[in-house]
Participant: 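My questions will all concern the structure given below.
The first residue of the sequence shown is numbered 1, and numbering continues consecutively from there.
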Amino acid sequence: DRPKTREWRCKWDNEEALTAAQSALDAILADVKCVKGVKDVQRVVCGGCKDFKVIASLDEATFGDWEGCGFAPESDFLGRLKAIDGITTVETQTYTLMSMMN
């Protein structure tokens, strides 16, 4: 069973923007964790390329329901990111993950 994921990502220009992006995530994290079928929520930060990413993984059976709800709280989170000075390139992407350890 390969989890389907929804990624929310942006670029940050300075430490203040990064801190504000984390605060924006903190504000909606409980809502993401309550999504039916959620298996994992990960945050990725790269200091070299200035990426800030949030990856929510769900089982394939419930992913469509979340998609039908507009990936809530996606619009709230993206709006929070777009309002932060020093945050650019706010994007989303859907994909599958597969472990190569098996």
Participant: Have Asp65 and Thr62 got a donor and an acceptor in their side chains that come within less than 3.5 Å?
Facilitator: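 Thr62 and Asp65 do not have a side-chain donor-acceptor pair below 3.5 Å.
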
Participant: Once you round to the nearest 0.5 Å, how far does CD of Glu7 lie from CD1 of Ile55?
Facilitator: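 With rounding to 0.5 Å, CD (Glu7) is 5.0 Å from CD1 (Ile55).
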
Participant: Identify the two heavy atoms, one from Lys36 and one from Leu58, that lie closest to each other, and give their separation to 0.1 Å.
Facilitator: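 Distance-wise, the nearest heavy atoms are O-CD2, 3.6 Å.
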
Participant: For atom CG of Asp26, decide whether the heavy atoms of other residues, nucleotides or ligands shown that lie under 6.0 angstrom number more than 12.
Facilitator: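 Atom CG in Asp26 is packed in, count exceeds 12.
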
Participant: Hey, are Glu60 and Lys4 close enough for a salt bridge, meaning a charged N less than 4.0 Å from a carboxylate O?
Facilitator: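 No, Glu60 and Lys4 are not salt-bridged.
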
Participant: Taking the side chain as every heavy atom from C-beta outward, state whether Asp59 and Lys39 have any atom pair closer than 4.5 Å.
Facilitator: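 Counting from C-beta outward, Asp59 and Lys39 do come under 4.5 Å.
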
Participant: Please confirm whether Phe77 and Phe71 have ring centers closer than 6.0 angstrom.
Facilitator: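 When the ring centroids of Phe77 and Phe71 are compared, they turn out to be at least 6.0 Å apart.
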
Participant: Measure the spacing between OG of Ser75 and CZ of Arg80 and express it to the nearest 0.5 Å.
Facilitator: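 Here the rounded value is 10.5 Å.
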
Participant: What pair of heavy atoms forms the shortest contact from Trp12 to Cys46, and how long is it?
Facilitator: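 Looking at all heavy atoms of both residues, the closest pair is CZ2-O, 3.7 Å.
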
Participant: May I ask you to test the Leu29-Val41 pair for a side-chain heavy-atom distance under 4.5 Å?
Facilitator: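 They are in contact (side-chain heavy atoms under 4.5 Å apart), so the answer is yes.
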
Participant: Listing request: all side chain to side chain donor-acceptor pair (under 3.5 Å) pairs with a residue in residues 45-54, at least two apart in sequence or in separate chains.
Facilitator: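 Output for this query lists Lys11-Asp51.
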
Participant: Might you point out which heavy atoms bring Arg9 and Thr92 nearest each other, and give the distance in Å?
Facilitator: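 Smallest interatomic distance, heavy atoms only, reads NH2-O, 4.2 Å.
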
Participant: Could you check if a side-chain atom of Val45 sits within less than 4.5 angstrom of a side-chain atom of Leu18, using non-hydrogen atoms only?
Facilitator: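 Side-chain contact under 4.5 Å: yes.
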
Participant: State, yes or no, whether a side-chain contact exists between Thr19 and Gln22 at a heavy-atom distance under 4.5 Å.
Facilitator: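 Sidechains of Gln22 and Thr19: no contact.
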
Participant: Quick one: do Leu25 and Leu78 end up in the same hydrophobic cluster if we chain Ile, Leu, Val, Met, Phe, Trp and Tyr together by side-chain heavy atoms under 4.5 Å apart?
Facilitator: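 In one cluster with Leu25: Leu78, yes.
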
Participant: In this structure, would Ile28 and Val38 fall into the same cluster of hydrophobic residues linked by side-chain contacts under 4.5 Å?
Facilitator: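 Same cluster: Ile28 reaches Val38 through Ile, Leu, Val, Met, Phe, Trp or Tyr contacts under 4.5 Å.
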
Participant: Establish, from distance only, whether the side-chain atoms of Arg6 and Gln93 form a donor-acceptor pair under 3.5 Å.
Facilitator: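 Distance-only check fails for Arg6 and Gln93.
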
Participant: Could you tell me the separation between the CG atom of Leu81 and the CG atom of Asp76, rounded to the nearest 0.5 Å?
Facilitator: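 Those atoms lie 10.0 Å apart.
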
Participant: Distance-only, no hydrogens or angles: does the Thr89 side chain make a donor-acceptor pair with backbone N or O of Cys10 under 3.5 Å?
Facilitator: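 Side chain of Thr89 to backbone of Cys10, a donor-acceptor pair under 3.5 Å: no, none is there.
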
Participant: Considering all heavy atoms of both residues, which atom of Ala21 and which atom of Ile84 are nearest to each other, and what is their separation?
Facilitator: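 Smallest heavy-atom distance, with atoms named: N-CD1, 3.7 Å.
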
Participant: Compare every heavy atom of Gly86 with every heavy atom of Asn14, then report the nearest pair and how far apart it is.
Facilitator: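 Result for this residue pair: ND2-CA, 4.3 Å.
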
Participant: Is any side-chain heavy atom of Ser57 closer than 4.5 Å to one of Leu97?
Facilitator: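 Side chain of Leu97 against side chain of Ser57, heavy atoms only: contact under 4.5 Å found.
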
Participant: Could you give the distance from CG (Asp40) to NZ (Lys33), rounded to the nearest 0.5 Å?
Facilitator: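 Atom-to-atom, Asp40:CG and Lys33:NZ are 10.0 Å apart.
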
Participant: Can you tell me how far the CZ atom of Arg43 sits from the CZ atom of Phe52, to the nearest 0.5 Å?
Facilitator: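 These two atoms lie 6.0 Å from each other.
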
Participant: Return the minimal non-hydrogen interatomic distance between Pro73 and Trp8, and the atom names on each side.
Facilitator: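 So the minimum-distance heavy-atom pair works out to CD-CH2, 4.3 Å.
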
